[in-house]
Protein chains: 2
Amino acid sequence: MTVTLADVAARARVSPATVSRVLNGNYPVAASTRERVLRAVDDLDYVLNGPASSLAAATSDLVGILVNDIADPFFGIMAGAAQTEIGGPGDGSGRAGGEKLAVVCNTGGSPDRELTYLTLLQRQRAAAVILTGGAVEDPAHQAAMNAKLAKLADAGTRVVLCGRPPLPEGEAIVAALAFDNRGGGRRLTEHLLSLGHRRIGYVAGPLERTTTRHRLEGHQEAMQDAGLGGDKERLTVHGPYDRRSGYDATLELLRREPEVTAIVAANDTVALGASAAIRDRGFRIPEDISVAGFDDLPFSVDAVPALTTVRLPLFEAGARAGRLAMGKETPPPGGIATIAAELMVRGSTAPPRK
Amino acid sequence: MTVTLADVAARARVSPATVSRVLNGNYPVAASTRERVLRAVDDLDYVLNGPASSLAAATSDLVGILVNDIADPFFGIMAGAAQTEIGGPGDGSGRAGGEKLAVVCNTGGSPDRELTYLTLLQRQRAAAVILTGGAVEDPAHQAAMNAKLAKLADAGTRVVLCGRPPLPEGEAIVAALAFDNRGGGRRLTEHLLSLGHRRIGYVAGPLERTTTRHRLEGHQEAMQDAGLGGDKERLTVHGPYDRRSGYDATLELLRREPEVTAIVAANDTVALGASAAIRDRGFRIPEDISVAGFDDLPFSVDAVPALTTVRLPLFEAGARAGRLAMGKETPPPGGIATIAAELMVRGSTAPPRK
DNA sequence: CTGTTAGCGCATTCAC
DNA sequence: GTGAATGCGCTAACAG
């Protein structure tokens with residue numbers, strides 16, 4: 001019924017081992033033999049049995065990429081870039097040679113699902129795992145994660161962090177590429193302050209997320225330095241990283257502080273929702289209220305007015321994570337690299353009306 | 001070094017077979033025995049060896065979801081929905097019981113990569129495969145795809161199409177959920193015609209894609225019926241499904257026909273680019289030129305003005321595909337269902353200036 | 001450069 | 001309800 005290595009070997013008049021060798025390409029095989037084997041493979045339409053070879057070799061060609069929200073381009077861009085580096089271009093035959101199977105797993109931001117996916121990947125003996133985006137800061141979950149990652153690393157799985165702060169004990173992982181969320185958040189708010197804003201509302205992401213906290217801390221540092229740190233509780237509203245949250249939180253901020261002249265959002269998607277709320281309340285952007293986001297997703301430049309935001313090189317970071325996971329690039333010193341965030345000043349921010 | 005089933009068996013003082021039985025849960029085992037085994041599993045921190053069990057059982061728990069562009073929410077929404085149905089909520093222990101490993105694979109729209117992923121999934125003996133979005137219409141590639149899908153189905157892999165037209169010989173697959181792209185495209189253009197538009201430019205997607213062709217045909221049918229079919233070559237420009245393409249194509253359309261009063265874009269992202277081009281040329285939306293998109297992605301309602309578009313129930317379709325792939329839902333009659341597309345009239349379209 | 005020999009770790013017959 | 005054997009299909013030493 002199902003054709004096996006032995007069938008191919010028989011047809012090519014060689015031993016199974018030889019077939020295995022040409023298929024894996026990691027061994028010297030005479031050109032003529034290889035030719036013959038390949039023809040037999042095509043004739044028989046043979047496809048390697050992945051589980052069997054993974055079992056024998058004690059490693060698989062699976063590489064997992066964990067994302068918090070697959071519908072969010074923030075993750076899609078990173079994951080796509082990583083996959084490009086990992087999957088290889090293919091040889092056009094659809095035959096699939098030694099390429100890895102780069103797959104993305106959507107945790108939906110749930111700690112449980114994150115752990116479950118890691119276990120599933122561990123079960124598959126994944127060659128590598130890339131974790132993208134902010135981590136949940138609950139201590140119990142962090143401990144469980146660190147233990148799990150250590151076990152994965154122990155079993156030979158390469159662990160790479162992308163857009164996520166390094167682990168407390170970073171020894172277990174290949175590398176961590178951390179975004180400078182704090183610095184970016186700080187510069188963004190400094191920009192607003194320099195324009196003359198004093199009453200700035202902040203729509204933060206979900207609680208207990210590193211990304212949320214770092215961006216917010218950057219904002220608060222800037223406010224503090226400007227002597228405006230007193231009101232932070234009242235001028236901050238938390239919510240998920242989505243449009244709706246931006247909309248609702250902005251209405252709430254407007255209620256709490258009608259004199260607000262600028263809204264800083266945790267990311268661009270949230271900023272879009274914030275903008276809608278501002279308009280629905282009859283205010284203009286940026287004349288009445290300035291708006292700023294974070295990430296510089298592709299749509300941000302097309303917002304009207306174009307969104308002031310902080311650019312993160314998501315594609316480059318994802319690609320680098322992919323290379324690191326493949327061992328194609330040497331890890332940064334100490335295994336940790338900080339990715340710079342660049343302020344992008346556009347039309348959605350302007351001096352306050354006064 | 002690595003703990004195996006036998007180790008667990010030894011510690012629980014049972015046979016390996018029994019451990020296997022409680023882990024797979026498909027067999028009667030005494031409660032007390034199960035208890036003991038589970039404790040041993042936890043004590044030893046045992047994780048099933050996926051490749052080994054897949055080899056022995058001749059099936060794996062991997063489910064592949066193929067997407068054309070993972071950075072595009074169009075696919076992200078469908079994939080996320082499907083994953084939700086497949087992965088299950090997890091039991092909170094991170095232990096991972098019988099759940100499937102739902103993974104998404106990004107083809108980048110490349111036929112080669114599509115085929116390669118399918119081969120890789122076949123190699124893993126995937127339990128199911130979901131193909132999302134438009135198919136490439138090159139005959140050779142279609143033939144290769146059909147052959148590959150037939151082989152997958154033959155090997156027990158459940159194949160489900162989501163947002164993709166059914167196969168020529170649909171017997172091989174579990175089900176196809178097709179979007180009514182043609183009908184949606186037609187109604188969208190009819191809406192524009194009813195507003196009084198006569199010179200309508202069309203920014204189409206890439207050539208040789210079913211989605212592109214169906215949407216365009218819907219548009220052209222409407223134009224034809226209105227006696228405006230003569231100019232279709234000149235008023236249509238093809239390009240990728242991205243912002244940049246919308247921008248460039250719109251400039252081109254404006255050059256070819258300065259009197260154009262409406263631009264229909266192949267999807268919302270393209271419409272965003274089109275809008276930017278229109279504005280950069282000094283025109284207002286919708287006063288001078290109307291703009292319409294397709295898909296109704298989350299950001300479309302936040303465009304300024306809000307984008308007139310055609311809504312596709314992406315989440316619902318993805319979830320249904322996921323259930324179909326799991327065998328949790330009975331396939332539609334004939335294995336084919338057409339998903340309706342709903343016209344969403346918003347602020348970006350209005351009667352032409354005259 | 002190629003063939004032979006042994007498992008990899010588990011699911012599944014069978015017996016009991 | 002449980003244990004003992006068998007083999008899934010392949011890779012990795014070894015020889016030659």
Side-chain angles (χ1 to χ4, degrees), chain A residues 1-38 40-41 44-62 96-98 120 122-125 127 155-156, chain B residues 1-38 40-41 44-62 96-98 120 122-125 127 155-156:
Chain A
M1 174 74 199
T2 161
V3 29
T4 77
L5 232 204
D7 300 332
V8 176
R11 190 172 222 284
R13 312 181 132 278
V14 295
S15 75
T18 300
V19 178
S20 174
R21 294 197 262 253
V22 339
L23 257 25
N24 290 308
N26 313 323
Y27 234 77
V29 174
S32 66
T33 312
R34 149 178 287 109
E35 185 85 5
R36 203 144 33 90
V37 169
L38 254 17
V41 167
L44 266 41
D45 229 357
Y46 171 69
V47 176
L48 205 59
N49 183 318
S53 61
S54 294
L55 174 59
T59 83
S60 87
D61 53 4
L62 199 66
L120 253 13
Q122 179 184 12
R123 175 184 295 188
Q124 299 298 329
R125 305 304 190 248
Chain B
M1 175 72 200
T2 160
V3 29
T4 76
L5 234 204
D7 299 332
V8 176
R11 190 172 223 285
R13 312 181 132 277
V14 295
S15 75
T18 301
V19 178
S20 173
R21 294 197 260 252
V22 338
L23 256 26
N24 290 309
N26 313 322
Y27 232 78
V29 174
S32 66
T33 311
R34 148 178 288 108
E35 184 85 7
R36 204 144 33 89
V37 169
L38 254 17
V41 166
L44 266 40
D45 230 355
Y46 171 69
V47 175
L48 205 60
N49 183 318
S53 63
S54 293
L55 173 59
T59 80
S60 88
D61 54 3
L62 198 67
L120 252 14
Q122 179 184 10
R123 177 183 293 186
Q124 299 297 330
R125 305 305 190 247

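Proteins get letters first, then strands, A, B, ... in listed order; numbering begins at 1 in each.
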Heavy-atom protein contacts under 4.0 Å, nucleotides 11-16 of chain D, coded B base, S sugar-phosphate only, - none: BBB---
What is the distance, to the nearest angstrom, from the CZ atom on B/R123 to the C1' atom on D/dG9? 13 Å
Tell me the side chain to side chain donor-acceptor pair (under 3.5 Å) pairs involving residues 7-16 of chain B, sequence neighbours left out? B/R11-B/D43, B/S15-B/T18
Report the distance from atom CG of A/N49 to atom P of D/dG7, rounded to the nearest whole Å. 18 Å
Is the distance from OP1 or OP2 of D/dG3 to the nearest side-chain N or O of B/T18 less than 4.0 Å? yes
Between C/dG9 (P) and A/Q124 (CD): distance, integer Å: 15 Å
Grab the CG-C1' distance between B/N26 and D/dG1 for me, whole Å please. 16 Å
Atom of A/V29, atom of A/R21 and distance for their closest heavy-atom approach: CG2-CB, 3.9 Å
Output yes when at least one side-chain N/O atom of A/T4 is less than 4.0 Å from OP1 or OP2 of D/dC8, else no. no
Taking all atoms of both residues into account, what is the closest heavy-atom pair of A/V3 and A/L44, and its distance? CG1-O, 3.8 Å
State which of D/dC8, D/dG1, C/dG3 makes the closest approach to the side chain of B/L55. D/dC8
What I'd like to find out is whether the side chain of A/R125 reaches to under 4.5 Å of the side chain of B/P51, using heavy atoms alone. yes
Starting at atom CZ of B/R36, determine the distance to atom C1' of D/dG1, rounded to an integer number of angstrom. 12 Å
A/A52 and B/L55 have their tightest heavy-atom pair at CB-CD1, 3.7 Å
Spacing of A/L48 atom CG and B/Q124 atom CD [to the nearest 0.5 Å]: 9.0 Å
Where each residue is assigned the nucleotide of DNA chain D containing its nearest heavy atom, which of B/T33 and B/R125 is assigned the position nearer the 5′ end? B/T33
